[in-house]
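One structure is given here, and the rest of the page talks about it.
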Amino acid sequence: MPTMVDLNDVAKRYGDGPLVLDGVSFRAEKGDLISLIGPSGCGKTTLLRLIAGLSPLSAGSLAVEGRAPSIGSREIACVFQDPTLLPWLTIQKNVELPLRLRGVSTAEREIVAQRMLSLVRLSECAQRYPRQLSGGQRMRASIARALSLSPDILLLDEPFGALDEMTRAHLNEELLDIHRQEAWTGFFVTHSVAEAVFLSNRILIMRANPGRIIHEISVDLPYPRTEQTRESGAFLSLVGRVSSLLRAAEPLPA
Amino acid sequence: MSKPGKRILTFALPAIAGILFLAVWYGVRAMMSEDQKFLLPSPVEVLSAFGEHRSVLLHASLNTLEGALIGFSAAIVISLLLALVLSLSPLVRASLYPYLMLLQMTPVIVIAPIILQWARPGLPSVSIITFLICFFPLVVNTTQGLISTDRNLVDLFRLYGANKRQEICLLRLPAALPYFFTGLRIAATLGPIGAIMGDFTAGSSAGDGGGLGFQAIIFSSQLKMAALFATAMTGCLLGFVFVAGVVFLGWWTLHHWHDSYHRADS
């Protein structure tokens, strides 16, 4: 499997502030779906920003497909915690946006947007405005927009955090389905242990002050994963294991 | 209260308030001595003054409207350009804001004679005075809009390699529209007032025959009180048309996407 992202002893601090990340090293292979889990402030989002090229490293090295990360490169797309759709554009125009910014012709970007909207089952909402959609639909539109560039790497920063449990579980399954079809390498930030275990083949557990990776767990549950996966003993035991490692990493204050 | 009851009250209360207002008007007049009554003409006299001076008032209104529109439009264009410059960095804002404040704090009534010396009396001076009055709320609100763009959206544009022109045209300007329209609504209420005030201090009968402010001076010198009241009400009507136009424009531009037009309780 080719290496998509390679971090070596990466550190990050903002200005003169304390270290946000320190000694972070890992490799992501093509097709990996890696969850980053840890307490608030452990640098999960910062790590994604470094991979996206939105923020420079303070120390260490980082290679994305063998090169230093650069913004505007076609291989990386991002889904934020909020859907970040432009409220004045229809859903279709929102999905077309990354292609429009790259000067792709109107006809071509319409075809791509329609394909992506059908992938996230939002074709019927193409001409609606974001405010006319539910939270879950908006997030699916945001994912469709990220996928419109056919990225090699997809960064998802707690995309389902604000959604209700049922919608979240449903979108988890949809995301895995899209991952199976599009075969990108994914980084998924979450606070939910069950979500991390359900989605990923690898889980990186982080701790704060400064942020670092303290455990890596391999999730050997077979794909495709469904509702039955969530009820299986192997799933529940992995959830228990990751939870106890998280608790040990960040003991509750007395 | 039931819905139809509420609806009836919505129409009935302003009508009752209007009748009360007329009653007070007539009441005050009734208490005045005969030689004082010319100070407060009756509503009927005001209406007949409307009829008597309608062509003069219409002509003056159009002149005022012309000055208001020129000043207002110039304020929109220049405030947009300046807001774009101000949004570049906090340093630029810190350098220019004190002077903008200074301009805003200087009373127009004091600046008007200076403008009168620089530009011709009449339309040029009136337009400049209107511009000065409308300019500040527009530039402050638009700048605020341009610098308040959602950080995540800016990141998104950077991530997708947007250039500066794309970031301004496709993100910052549309995102600033609600702020711009807030400024525009304030400027629209000030525009006709500015034009009338400008006309009052720098109006001229030369060529265009003057606007409502200039007409007010003429009626005042002739002690035509009813005509003065009619002039004031024409100015009020003009202001209303101006604001209504801007409110409609704001609705037309924003209603399909902006939350302020879709409140849960509306």
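Labels below follow one simple rule: chain letters A, B, ... track the order of the sequence lines, proteins then strands, and each chain is numbered from 1. What you see is a predicted model, and the numbers here were worked out from it, not measured in a lab.
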Separation of B/His258 NE2 from A/Tyr129 OH (nearest 0.5 Å): 14.0 Å

A/Tyr14 OH: over 12 foreign heavy atoms closer than 6.0 Å: yes

Close side-chain approach of B/Asp155 to A/Thr84, heavy-atom, < 4.5 Å: no

Mind listing the closest non-hydrogen atom pair of A/Ala52 and B/Leu159 along with its distance? CB-CD1, 3.6 Å

Given B/Leu177 and A/Trp88, is the side-chain contact (heavy atoms from CB on, under 4.5 Å) satisfied, shown in steps? CA-CA 10 Å; B/Leu177 274 178; A/Trp88 53 88; over 6 Å; no

Atom CZ in A/Arg131, atom NE2 in B/His256: separation rounded to 0.5 Å? 9.5 Å

Evaluate whether atom CG of B/Leu91 has more than 12 neighbouring non-hydrogen atoms of other residues, nucleotides or ligands under 6.0 angstrom away. no

Would you indicate whether A/Glu124, at its atom CD, is surrounded by more than 12 heavy atoms from other residues, nucleotides or ligands within a distance under 6.0 Å? yes

Are A/Leu101 and B/Leu170 side-chain neighbours, meaning at least one heavy-atom pair lies under 4.5 Å? yes

Does the side chain of B/Trp257 come within less than 4.5 Å of A/Leu89's, by heavy atoms? no

Of the listed A/Pro98, A/Pro130, A/Ala146, the one with the largest count of heavy-atom pairs under 4.5 Å with chain B is A/Pro98

Among B/Thr253, B/Leu153, B/Leu254, which residue forms the greatest number of heavy-atom pairs with chain A at distances under 4.5 Å? B/Leu153

B/Gln166 versus A/Arg100, closest heavy-atom pair with distance: NE2-O, 3.9 Å

Within 6.0 angstrom of B/Phe240 CZ, more than 12 heavy atoms from elsewhere: no

B/Leu171 portion near chain A, given a 4.5 angstrom heavy-atom threshold: both

Which atoms of A/Arg49 are under 4.5 Å from chain B, going by heavy atoms: the side chain, the backbone, both sets, or neither? side chain

Just how far is it from atom CG of B/Asn152 to atom CG of A/Leu85, taken to the nearest 0.5 Å? 11.5 Å

